[in-house]
Novice: 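I'd like to ask you about the structure that follows.
Both backbone and side-chain heavy atoms feed into the values below; hydrogens, waters and symmetry mates do not. Counting starts at 1 for both ligands and their atoms, following the listed order. Here the structure is a predicted model, which means the values were calculated and not measured.
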Amino acid sequence: MEKNKRAVVVFSGGQDSTTCLFWALKKFKHVELVTFDYDQRHKEEITVAKEIAEEQGLRHHILDMALLNQLAPNALTRESIDVTHGENGDLPSTFVPGRNLLFLSFAAILAKQIDARHIITGVCETDFSGYPDCRGIFVKSLNVTLNLSMDNDFVLHTPLMWLDKAETWKLAEELGAFDYIREKTLTCYNGIRGSGCGECPSCELRQKGLEKYIRLRSEGEM
Ligand SMILES: [Zn+2]
């Protein structure tokens, strides 16, 4: 199969990357998934990713990125560090410096190996919480660098880049995956699937977006 029809999705089993998975399935003939295991605070993330990959019948690569945890202890990797919002211009405690730089670079190396041209990531500037490597300009810059580094013509896709959470739910609905994503994905920092613990910053963001989408949909605004 030609390279142009093959894609790799950076996949965590969360709302955003699962929406990207369904987006990729509509666009490309052959889709594979890559998940990074960096001793996440919640191993549940890997389990959820595996289950979704299996259910969708997709080849799933799980890459060991434990070194990231070694380099950058933070709230996603250490139980002892609380999850906090970024305040007063500080980055949130969930920030892992360089995470997307590394993830996308490894995804590209994998894409090269399986002869895929397209790489899809759920990063989003709208709700980017101050993560510098979730911005559009960063992804464009890295796309150029990856192509130069491997003499390739990768295309990095960011279908969620300019959507807010309500619009991401709308996209899930358009892709016919609204209920699936609502029930099966894991976004919660406390490791609870679906609507989650309802208290952590990630659940709050997800819930607010969902409520906004459902409200606007019922008013015929979305
Ligand atoms: Zn939660």
Side-chain angles (χ1 to χ4, degrees), residues 9-22 33 35-56 62 65-66 68-69 72-88 90-97 99-100 103 121-134 159-161 163-173 175 177-217:
V9 179
V10 178
F11 184 62
S12 70
Q15 178 194 351
D16 291 347
S17 66
T18 307
T19 306
C20 287
L21 181 167
F22 285 100
L33 306 175
T35 298
F36 298 101
D37 185 349
Y38 54 102
D39 281 338
Q40 285 91 327
R41 188 164 165 149
H42 295 290
K43 283 282 160 204
E44 189 67 7
E45 227 181 273
I46 308 280
T47 311
V48 170
K50 269 188 196 161
E51 282 178 15
I52 294 175
E54 244 175 60
E55 277 178 5
Q56 298 301 319
I62 300 175
M65 294 285 283
L68 195 62
N69 185 12
N74 81 358
L76 287 189
T77 53
R78 292 281 194 280
E79 292 279 5
S80 56
I81 303 176
D82 285 338
V83 174
T84 57
H85 292 282
E87 273 158 30
N88 308 318
D90 289 343
L91 286 166
S93 65
T94 48
F95 179 61
V96 181
R99 183 169 54 168
N100 283 323
F103 285 7
T121 168
V123 297
C124 169
E125 182 155 341
T126 318
D127 286 324
F128 86 127
S129 320
Y131 293 26
D133 57 355
C134 289
L160 313 183
M161 183 60 78
L163 305 185
D164 66 16
K165 280 276 178 255
E167 290 165 330
T168 301
W169 282 113
K170 180 175 188 239
L171 177 59
E173 180 124 73
L175 294 166
F178 179 78
D179 290 331
Y180 187 89
I181 290 172
R182 196 172 170 181
E183 287 157 23
K184 302 254 181 176
T185 60
L186 171 68
T187 316
C188 172
Y189 288 140
N190 291 313
I192 301 165
R193 292 183 210 206
S195 50
C197 74
E199 283 168 10
C200 72
S202 185
C203 280
E204 262 177 51
L205 191 66
R206 174 170 165 146
Q207 193 55 29
K208 257 169 59 185
L210 183 61
E211 282 166 11
K212 183 177 163 195
Y213 172 60
I214 290 170
R215 180 169 46 82
L216 290 175
R217 189 181 57 181

Novice: C200 and N190: which non-hydrogen atoms are nearest, and at how many Å?
Specialist: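 Minimum heavy-atom separation between C200 and N190: CB-ND2, 4.0 Å.
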Novice: Locate the shortest heavy-atom distance separating I192 from C197; write the atom from each residue and the value.
Specialist: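 For I192 versus C197, the nearest heavy atoms are CD1-CB, 3.8 Å.
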Novice: How far apart are the closest heavy atoms of K212 and D164, and which atoms are they?
Specialist: NZ-OD2, 2.8 Å
Novice: Could you please give the number of protein N/O/S atoms within less than 2.8 Å of the Zn ion (ligand 1)?
Specialist: 4
Novice: Fit a plane to each ring of Y38 and F103, take the angle between them on a 0 to 90° scale, and name the class: parallel (under 30°), tilted (30 to 60°) or perpendicular (over 60°).
Specialist: tilted
Novice: Side chain to side chain donor-acceptor pair (under 3.5 Å) with R182: which residues, sequence neighbours excluded?
Specialist: none
Novice: For E55, look at atom CD and say whether over 12 heavy atoms of other residues, nucleotides or ligands are found less than 6.0 Å away.
Specialist: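 Yes.
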